[in-house]
Structure formats: C-alpha cells, structure tokens
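For reference, the structure is listed below as structure tokens.
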Amino acid sequence: MSDQSVDAVLAEVAELLPTLRDRAQETEDARRIPAESIKALQKSGFFRLLQPKRYGGFEADPADFYTAVKMLASACGSTGWVSSILGIHPWNVALFDDRAQQEVWGEDQDTLISSSYAPMGRSEIVEGGYRLSGKWSFSSGCDHGTWALLGGPAFQDGKPVDFLTYLVPISDYTINDVWRTVGLRGTGSNDIVVEDVFVPARRALSFKDVSKCKGPGQEVNDSPLYKMPFGSVHPSTITAPIIGMAQGAYDAHVEHQRKRVRAAYAGETAKEDPFAMVRVAEAGSEIDAAWLQLISNINEEYALVKAGEKIPFNLRLKVRRDQVRGTERAIFAVDRMFENSGGRALAEGTPIQRFWRDAHAGRVHAANDPERAYKMFGTGEFGLPVMDGMV
C-alpha cells in the first residue's frame with residue numbers, strides 16, 4: 001500500500017466529480033462506464049478502500065467508503081452504482097480462503113471483481129470442489145472485471161446442501177451484452193454465463209458462515225472491518241448510491257429552478273414560487289434523513305466490532321429497516337423535485353431526468369424490497385424467529 005491516506009482518497013474522488021458529471025451522458029450512451037473513468041477511480045485508490053492491507057488496501061472505515069460512493073453517484077448515477085458494486089467486492093473476497101485471495105490479488109492488486117449473488121445457477125459437489133453452471137443477470141460493471149462472485153446452491157445426491165458464493169475467473173465465463181434499459185443505462189449490467197466449470201473448494205464461500213459474520217479469510221484478515229454483517233454491508237452498498245443520485249437530482253433541480261422562468265410574459269420565476277420552496281425543503285430533509293440513518297447505523301455496528309463485541313441481532317434488523325427506508329426517502333425526494341421541474345427537464349441530456357430514471361432503476365434491486373425488510377424487523381420486535389438470511 002502507498003503512503004496515501006483514506007482522506008486523500010476522498011479528496012481525489014471529490015476532484016473527479018466535475019469530469020464524471022460532464023461524462024454522464026457519454027456513459028449512458030455507451031451503456032458502460034468509460035475506461036477513463038475506471039482508470040481514474042483506480043488511480044484515486046477508491047477501489048482499494050475496503051481491500052485488505054496485505055494486498056495494498058486501506059481496510060477503511062465503511063462509512064468512508066459509502067461517503068465516496070454517495071459523492072460519485074451525485075455526479076453520475078451509473079458511475080456511482082458501478083463504483084459501489086465493484087468497490088464492495090474486495091470486502092467479500094477478503095472472507096475467502098487466503099489461497100483464493102492470492103489468486104485474485106497476487107499479481108495485480110488493482111484487480112476488479114463483478115458479481116451476481118442471486119441463485120441463478122447451481123453446482124454439483126465433486127472431489128476437491130464443485131462443477132458450476134448457470135446464467136446470472138445484472139452483473140454491474142462486469143466489462144471491467146476479471147473475476148466474478150456468483151451465487152447459487154450446491155447439490156449432492158440431487159439435494160441442495162448449502163448456498164455458496166463462487167469466485168470465478170473471467171476465463172471460465174462469458175459475458176452476454178443484454179443491458180438495454182430505461183435507467184442506470186451506463187452500468188453495463190450484463191449477463192454472465194458459466195457452462196460446467198470446476199470451482200475448487202478454496203474459491204467457494206458458504207453463505208451460512210457469512211451470515212454468522214464468519215469466513216476463512218478472517219484467519220489472515222483480522223481487521224474488524226471483515227466482521228461486519230453481509231446483510232448490512234451489501235444492502236447499504238445499494239442504497240448509498242441511490243441517496244447520492246437523489247443528492248445529484250437535488251443540486252440539479254435547485255440550479256434549474258434558480259434560472260427557470262415559468263411565465264415569460266409576466267416575468268414569473270420558479271425560484272419565487274412558495275410551493276417550489278416547500279418541495280425543496282421536503283426533498284432536502286428526506287435526503288438528509290436517509291443518509292444520517294444509514295451512516296449512523298453502520299457506525300454503530302462498526303464501533304461494536306472494533307470493541308470486540310457482538311452486534312445485537314435487533315441492530316442488524318434495524319440496519320435493514322433503515323436501509324430500505326433510506327431508498328424510499330431518496331425516491332420520494334427525487335419524485336417531488338422532478339414533478340416540479342417543468343417540461344424542459346424532460347429533454348435528453350438533462351441531469352434531472354437522468355437522475356430520476358437512475359434512482360428508480362436502482363429502487364427495483366432486490367435489496368430494496370421494503371415490505372420484506374419491514375416484516376423482518378417487525379418479526380424480530382415481536383420475538384418471533386427471523387428466517388431470512390439477508391440481515
């Protein structure tokens with residue numbers, strides 16, 4: 001690792017924002033993040049924030065990571081989304097057997113890893129590992145990665161015996177270019193296809209263990225960072241960029257309203273409309289509340305693991321409750337502003353409509369299912385067993 005500090009990484013990320021903002025339409029048109037943007041983020045150190053120090057990373061406070069994500073998404077929704085997804089994977093890889101970590105980072109500490117955790121494939125247990133096949137959708141930023149984390153059950157004698165995350169090199173999968181969408185167009189969230197490849201046991205991680213905040217990688221990566229719950233870290237990785245998109249929409253909307261003339265013949269300006277002022281106040285409050293809850297909860301969990309204490313299950317449930325609520329707050333804010341932005345905000349290339357589409361596209365991610373998360377929280381509050389593993 002260089003002498004660069006986490007604060008320096010955040011400062012460099014902030015310096016990238018004007019360029020990423022100017023590049024947002026290019027990113028959308030290309031349906032993937034430009035290579036120049038990825039290289040700039042790598043140079044800034046962003047992708048190493050959650051990477052083990054043993055492999056050139058910072059092992060940073062997760063709140064610093066989410067702060068950087070929020071900044072990036074406020075400039076370009078697609079860039080913020082992909083950065084968040086690719087940026088969280090070093091945390092996950094750090095939980096694998098160290099031999100697997102060596103395969104990923106041994107020769108190139110700037111290696112990027114994409115993912116699709118949904119159980120779109122399956123494996124058969126064989127001697128020394130697994131035979132894996134399947135097609136996984138929505139692998140954001142996969143064009144920039146050389147490894148992929150893929151989820152699916154492991155079968156033995158025709159029965160599922162475990163749910164695993166498989167770490168697969170690009171030589172063992174193909175990418176199908178299918179990403180043509182209404183929002184987050186620039187994320188390149190294409191399909192990954194695996195056809196009967198062998199995955200050694202060292203490159204498979206049991207979700208049963210991860211849900212208990214355990215993993216073989218903890219033997220060599222003993223930082224408190226790697227004792228955080230998957231069900232807190234990963235869903236927050238989805239909400240943080242959406243809050244950032246809402247902030248970007250807010251900034252664009254305020255700037256738009258300052259210049260907008262509602263009735264040219266009367267000289268009426270939007271910034272003098274009292275109802276526009278109310279909407280901005282509502283939106284700003286919702287964005288701030290979403291962010292404060294997300295960061296406060298993550299900080300509370302991180303303080304506990306740093307102190308060597310176990311995270312109470314009710315806190316993990318609260319994190320999920322407030323994570324989905326944070327997404328809802330962000331969407332409400334974007335909608336309130338977009339409704340009052342006027343017809344000119346509909347034009348292609350304007351940031352307001354792009355943020356609106358991107359935020360709504362992010363909302364449909366499985367991690368943002370509010371009813372499921374709220375039900376888990378209520379179940380726990382009433383003292384009933386919570387069966388969902390994503391907590």
Would you say the side-chain atoms of Asn368 and Gln323 include a donor-acceptor pair closer than 3.5 Å? yes
One should read off an interatomic distance between Leu72 CG and Ser74 OG, to the nearest 0.5 angstrom, of 7.5 Å
Problem - Output field: ring centroids Tyr117/His234 closer than 6.0 Å - result: yes
Pair Glu59, Gln51 - check side chain to side chain contact (heavy atoms under 4.5 Å, CB included), show working.
CA-CA 6 Å; Glu59 295 182 6; Gln51 194 160 307; over 6 Å; no
Of all heavy-atom pairs linking Ile175 and Tyr173, the shortest is CG1-CE1, 4.1 Å
With Trp179 as partner, the option from Asp191, Thr187, Asn190 fulfilling side-chain hydrogen bond (donor to acceptor under 3.5 Å, both in side chains) is Thr187
Q | 4.5 Å side-chain heavy-atom contact, Ile113 and Leu86 | A | no
Nearest heavy-atom contact between Arg316 and Glu301 is CG-OE2, 3.6 Å
- Query: Side chains of Ser139 and Ser114: do they bring a donor and an acceptor to under 3.5 Å?
  - Reply: yes
No-hydrogen, no-angle side-chain donor-acceptor test under 3.5 Å, Asp196 and Ser133: no
In short, Glu286 meets Ala333 closest at the heavy-atom pair CB-CB, 4.3 Å
Taking the six-membered ring of Phe155 as reference, does the cationic atom of Arg122 (NZ for Lys, CZ for Arg) lie under 6.0 Å from its centre and within 45° of its axis?
yes
- Message: Within the 3.5 Å criterion, strictly below it, is a donor on Thr237 or Ser84 matched to an acceptor on the partner's side chain?
- Response: no
* Using only heavy-atom distances, determine whether the side chains of Ser140 and Trp81 contain a donor-acceptor pair under 3.5 Å. => yes
Centroid separation Phe230 to Phe207 less than 6.0 Å = yes
As a quick check of understanding, evaluate side chain to side chain contact (heavy atoms under 4.5 Å, CB included) for Ser123 and Val199, giving each step before the final call. CA-CA 9 Å; Ser123 74; Val199 180; over 6 Å; no
Notebook entry, point to check: If two hydrophobic side chains count as joined below 4.5 Å and joins carry through other members, does Leu205 share a cluster with Val104?
Noted result: yes
Open item on the list: Hydrophobic clustering (ILVMFWY, side-chain heavy atoms < 4.5 Å, transitive) - are Ile352 and Leu346 grouped together?
Closed with: yes
Exercise. Any cation-pi pair here, Arg321 with Phe377, using under 6.0 Å and within 45°?
Worked result: yes
request  = Test side-chain hydrogen bond (donor to acceptor under 3.5 Å, both in side chains) on Gln293 and Asn297 and set out the steps.
outcome  = CA-CA 6 Å; Gln293 280 190 305; Asn297 288 337; over 6 Å; no
- Query: Between Val6 and Asp61, is any pair of side-chain heavy atoms under 4.5 Å apart?
  - Reply: no
Between Glu339 and Arg279, is there a salt bridge with N-O shorter than 4.0 Å? yes
Nearest heavy-atom contact between Asn221 and Arg54 is OD1-NH1, 3.3 Å
Give a yes or no on whether the backbone of Lys375 and the side-chain of Thr379 come within a donor-acceptor separation of less than 3.5 Å.
yes
Separation between CD1 (Ile242) and CG (Leu184), nearest 0.5 Å, reads 8.0 Å
Separation between CG (Asp322) and OG1 (Thr327), nearest 0.5 Å, reads 11.0 Å
Tell me if a side-chain donor or acceptor on Ser83 pairs with a main-chain N or O of Thr79 at a distance below 3.5 Å. yes
(request) Under the side chain to side chain contact (heavy atoms under 4.5 Å, CB included) rule, what do Leu304 and Leu315 come out as? Steps first, then yes or no, please. (result) CA-CA 11 Å; Leu304 287 169; Leu315 176 55; 3.7 Å; yes
query: Between Phe65 and Phe46, is the gap from one ring center to the other below 6.0 Å?
result: yes
Start with the C-alpha distance between Leu49 and Val9, add both sets of side-chain angles, then the distance that settles side chain to side chain contact (heavy atoms under 4.5 Å, CB included), and finish with yes or no. CA-CA 8 Å; Leu49 283 173; Val9 173; 3.9 Å; yes
Next on the checklist: Quick one, His89 with Ser115, criterion side-chain hydrogen bond (donor to acceptor under 3.5 Å, both in side chains). Give me CA distance, side-chain angles, the key distance, then yes/no.
Outcome noted: CA-CA 8 Å; His89 293 149; Ser115 72; 2.9 Å; yes
Point to revise | Carboxylate-amine/guanidinium proximity below 4.0 Å for Glu28 and Arg357 | key: yes
For residues Asn340 and His253, is any side-chain donor paired with an opposing acceptor at under 3.5 Å?
no
Got a salt bridge between Glu124 and Arg131, using NZ or NE/NH1/NH2 to carboxylate O under 4.0 Å?
-> no
- Do the side chains of Val324 and Tyr66 join up, straight or via other hydrophobic residues, at under 4.5 Å, putting them in one cluster? no
Open item on the list: Using the rule given for side-chain hydrogen bond (donor to acceptor under 3.5 Å, both in side chains), can you reason through Thr350 versus Arg344, listing the C-alpha separation, both sets of side-chain angles and the distance that settles it, and then say yes or no?
Closed with: CA-CA 8 Å; Thr350 59; Arg344 295 190 185 281; over 6 Å; no
Check: Under a 4.0 Å N-O cut-off, is there an ion pair linking Asp157 with Lys159?
Finding: no
Is it the case that over 12 heavy atoms from other parts of the model lie below 6.0 angstrom from the CD atom of Glu195? no
> Given side chains that start at C-beta, do those of Phe47 and Ile38 come closer than 4.5 Å, heavy atoms only?
Replying inline: yes
query: Thinking salt bridges, do Glu255 and Arg258 make one under a 4.0 Å N-O criterion?
result: yes
Tightest non-hydrogen contact, residues Ala24 and Ala75, listed as CB-O, 4.3 Å
TODO: May I ask you to decide whether Arg202 forms a salt bridge with Glu103, counting only side-chain N to carboxylate O separations under 4.0 Å?
DONE: yes
Margin query: Is there a path of hydrophobic side-chain contacts, each under 4.5 Å between heavy atoms of I/L/V/M/F/W/Y residues, joining Tyr166 to Phe163?
Written below: no
In this structure, CZ of Arg48 is separated from CG of Asp110 (nearest 0.5 Å) by 4.0 Å
Residues Tyr130 and Ala154: closest non-hydrogen pair is CE2-CB, 4.0 Å
Rounded to the nearest 0.5 angstrom, the CD-CG distance for Gln218 and Leu225 is 10.5 Å
Exercise. Kindly work out whether a path of hydrophobic side-chain contacts (I/L/V/M/F/W/Y, heavy atoms less than 4.5 Å apart) joins Met390 to Trp136.
Key: no
Query - Pro169 side chain reached by Thr146 side chain, heavy atoms, under 4.5 Å - result: no
Residue pair Asp97 / Gln101, side-chain donor-acceptor N/O under 3.5 Å | no
(message) Pair Arg31, Asp177 - check salt bridge (Lys or Arg N to Asp or Glu O under 4.0 Å), show working.
(response) CA-CA 10 Å; Arg31 297 187 299 111; Asp177 185 354; 2.9 Å; yes
CE (Met376) and CG (Leu384) are apart, to the nearest 0.5 Å, by 14.0 Å
Exactly one candidate in Leu95, Leu50, Val305, Val233 meets side chain to side chain contact (heavy atoms under 4.5 Å, CB included) with Tyr226; the answer is Leu95
Discussion item. Between Glu12 and Lys43, is the salt bridge (Lys or Arg N to Asp or Glu O under 4.0 Å) condition met? List the steps.
Written reply: CA-CA 9 Å; Glu12 289 196 36; Lys43 184 178 179 181; over 6 Å; no
